[in-house]
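What follows is one structure encoded as structure tokens, with my remarks underneath.
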Number of protein chains: 2
Amino acid sequence: MCVPSVASSVDVASLASRLRTGVWRLARRLRSEADVDLSPTLQAALGTLDRHGPMTPGAFARHEQIRKPTATRTIAALVERGLVERTPDPLDRRVSWLQLSSQGRRLLGRVRRRHDAFLAARLAALRPEELATLERAAGILERLTEGPGTPSEGPEG
Amino acid sequence: MCVPSVASSVDVASLASRLRTGVWRLARRLRSEADVDLSPTLQAALGTLDRHGPMTPGAFARHEQIRKPTATRTIAALVERGLVERTPDPLDRRVSWLQLSSQGRRLLGRVRRRHDAFLAARLAALRPEELATLERAAGILERLTEGPGTPSEGPEG
DNA sequence: GGACGGTAGTTAGTTCTGAGAACTATCCTG
DNA sequence: CAGGATAGTTCTCAGAACTAACTACCGTCC
């Protein structure tokens, strides 16, 4: 692999714009495809709550790597639609526990089927290994912004 | 590896979400590091106009895969800041041609240098293999989004 | 048991980016 | 010239992210 000594900073910059362009387009695309009356963000949130079990708003924020106010809003939207239920914690009354309602589970199932159709129709080229690459890339990106001088709330995580 | 079958698509939504927030945060970080008062979208637009030469608003919209109203606003913001100049087309008075002003070029240059500096520092901490992952991810995203069917308004071009 | 510092969440307000509908101006065609 | 297509613009709305400032609560310590 003849280490590309990071020096090639020009490539680096264009890499950043390529990623930005690609990611942005994908996000827009998914949004326009998502007619399930649930935005991609909410779909993702639903998926997170489904996969990673009941969690508190704070845990949710950390998991999604968003700030607490954003988590509040997202959760509120889901609860408002009856897709997520919150149960107060009997021991710590500051927190509550979030989990999918049965309605949320049903909708999530529908979304998944729909999305699979979308993938089949348009993105058939996305092989599991490519998905894995994207996953890894997401992780790397997240680490990339964490470094010194993270502008906010860093120490909490 | 050996990823379980069609990683069900909400994963794709979640993945897209993670990528989006990751890229967005990186972009904002770059913005603050570069000490340039230009949103990520505007920076990208500037780059597009620089790389792909003078173009009309419509061409710009198609290139960025955004709708015309969004293009209008983006362009207006750049023109307002004196970073882009518009020249009327002498033959077709509906259209105009957009290109960077010298000020825009200077600013873009500065932005690029600072981004390079920041990214070089950050990416130096990555292993070559991780860099390669990012490269590959960018490629996958490009393939994914440039292909079939701009979601709507497609037939126009 | 009451003051206190820290943690969890929420509210308020701002910014950025996108979309659709309806409109104007212009071009082209018959 | 009438009628339709094309290019852009304006207006209005929505989603999602952020920060700052707040409330409510916990645990501790005197």
Side-chain angles (χ1 to χ4, degrees), chain A residues 20-21 23-35 37-45 55-62 64-81 86 88-98 145 150-157, chain B residues 13 16-18 20-29 31-32 37-45 55-62 64-80 86 88-98 150-153 155-157:
Chain A
R20 176 174 52 196
T21 303
V23 165
W24 229 236
R25 285 180 178 170
L26 176 59
R28 281 197 294 264
R29 191 76 151 262
L30 285 178
R31 179 165 58 202
S32 75
E33 294 290 337
D35 64 344
D37 93 45
L38 203 60
S39 68
T41 299
L42 294 187
Q43 288 180 24
M55 58 200 323
T56 66
F60 175 75
R62 281 191 296 276
E64 300 289 90
Q65 300 229 4
I66 55 180
R67 304 279 180 244
K68 282 182 292 186
T70 306
T72 294
R73 290 186 65 82
T74 304
I75 292 163
L78 291 175
V79 170
E80 198 176 311
R81 285 169 173 74
R86 55 193 329 162
D89 184 310
L91 299 178
D92 186 341
R93 281 163 56 195
R94 292 170 304 179
V95 313
S96 53
W97 292 86
L98 308 163
T145 44
T150 308
S152 52
E153 203 167 302
E156 127 170 340
Chain B
S17 199
R18 283 177 67 202
R20 181 163 46 84
T21 56
V23 164
W24 173 252
R25 286 156 81 100
L26 177 58
R28 274 193 312 122
R29 185 65 189 280
R31 177 186 180 179
S32 73
D37 189 26
L38 212 54
S39 71
T41 299
L42 294 187
Q43 290 183 23
M55 58 201 319
T56 65
F60 176 75
R62 282 189 297 275
E64 299 289 89
Q65 300 199 5
I66 56 179
R67 304 280 180 237
K68 280 184 291 189
T70 306
T72 293
R73 191 176 26 183
T74 304
I75 293 163
L78 292 175
V79 170
E80 195 177 314
R86 53 193 329 161
D89 184 310
L91 299 179
D92 185 342
R93 282 163 56 197
R94 293 170 304 178
V95 313
S96 53
W97 292 87
L98 307 164
T150 315
S152 59
E153 204 174 286
E156 116 172 352

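As the structure is a prediction and not an experimental result, all values here were calculated from the model.
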Between the protein and nucleotides 28-30 of chain C, list every N/O to N/O distance that falls short of 3.5 Å.
none

Please enumerate all residues that pass side chain to side chain contact (heavy atoms under 4.5 Å, CB included) together with [X], with sequence neighbours excluded.
X	result
A:A76	none
B:V23	A:R20, A:V23, A:L141
A:R93	none

(Q) Using side chain to side chain contact (heavy atoms under 4.5 Å, CB included), reason through B:I75 and B:R86 one step at a time and then give a plain yes or no. (A) CA-CA 9 Å; B:I75 293 163; B:R86 53 193 329 161; 4.0 Å; yes
[X] side-chain N/O to [N] phosphate OP1/OP2 under 4.0 Å:
X	N	value
B:R28	C:dC16	no
B:R93	D:dT6	no
B:W24	D:dC18	no
B:R86	D:dT9	yes
B:T41	C:dT17	yes
A:R31	C:dA19	no
B:T70	C:dG18	no

Q. What residues form a salt bridge (charged side-chain N to carboxylate O under 4.0 Å, His left out) with B:R94, not counting sequence neighbours?
A. B:D92
Q: Not counting sequence neighbours, which residues clear salt bridge (charged side-chain N to carboxylate O under 4.0 Å, His left out) with B:R31? List them please.
A: B:D37
Q. Contact class for B:P69 vs. all strands (heavy atom < 4.0 Å): base, sugar-phosphate, or nothing?
A. base
(Q) Under 4.0 Å, counting only non-hydrogen atoms across every strand here, what does B:T21 touch: a base, just sugar-phosphate, or nothing? (A) sugar-phosphate
Rounded to the nearest Å, what distance is computed from the [atom1] atom of residue [X] to the [atom2] atom of nucleotide [N]?
X	N	atom1	atom2	answer
B:F60	D:dA7	CZ	C1'	15 Å
B:R67	D:dT10	CZ	C1'	18 Å
B:L38	C:dT15	CG	P	16 Å
B:D89	D:dT6	CG	C1'	14 Å
A:K68	D:dA24	NZ	P	16 Å
B:R62	D:dT6	CZ	C1'	11 Å
B:E80	C:dC16	CD	P	12 Å
B:I75	D:dA7	CD1	P	14 Å

**Q.** Heavy-atom pair with the smallest gap, counting every atom of B:T56 and B:L98
**A.** C-CD1, 4.1 Å
(Q) For a quick check, tell me whether the side chain of B:R73 and the base of C:dG18 share a donor-acceptor pair closer than 3.5 Å. (A) yes
(Q) Checking the side chain of A:R73 only, and the main-chain atoms of A:P69 only, is there a donor and an acceptor separated by less than 3.5 Å? (A) no
Q: Would you kindly compare A:T56 and B:S39 by the position of their nearest DNA chain C nucleotide and give the one closer to the 5′ end?
A: A:T56
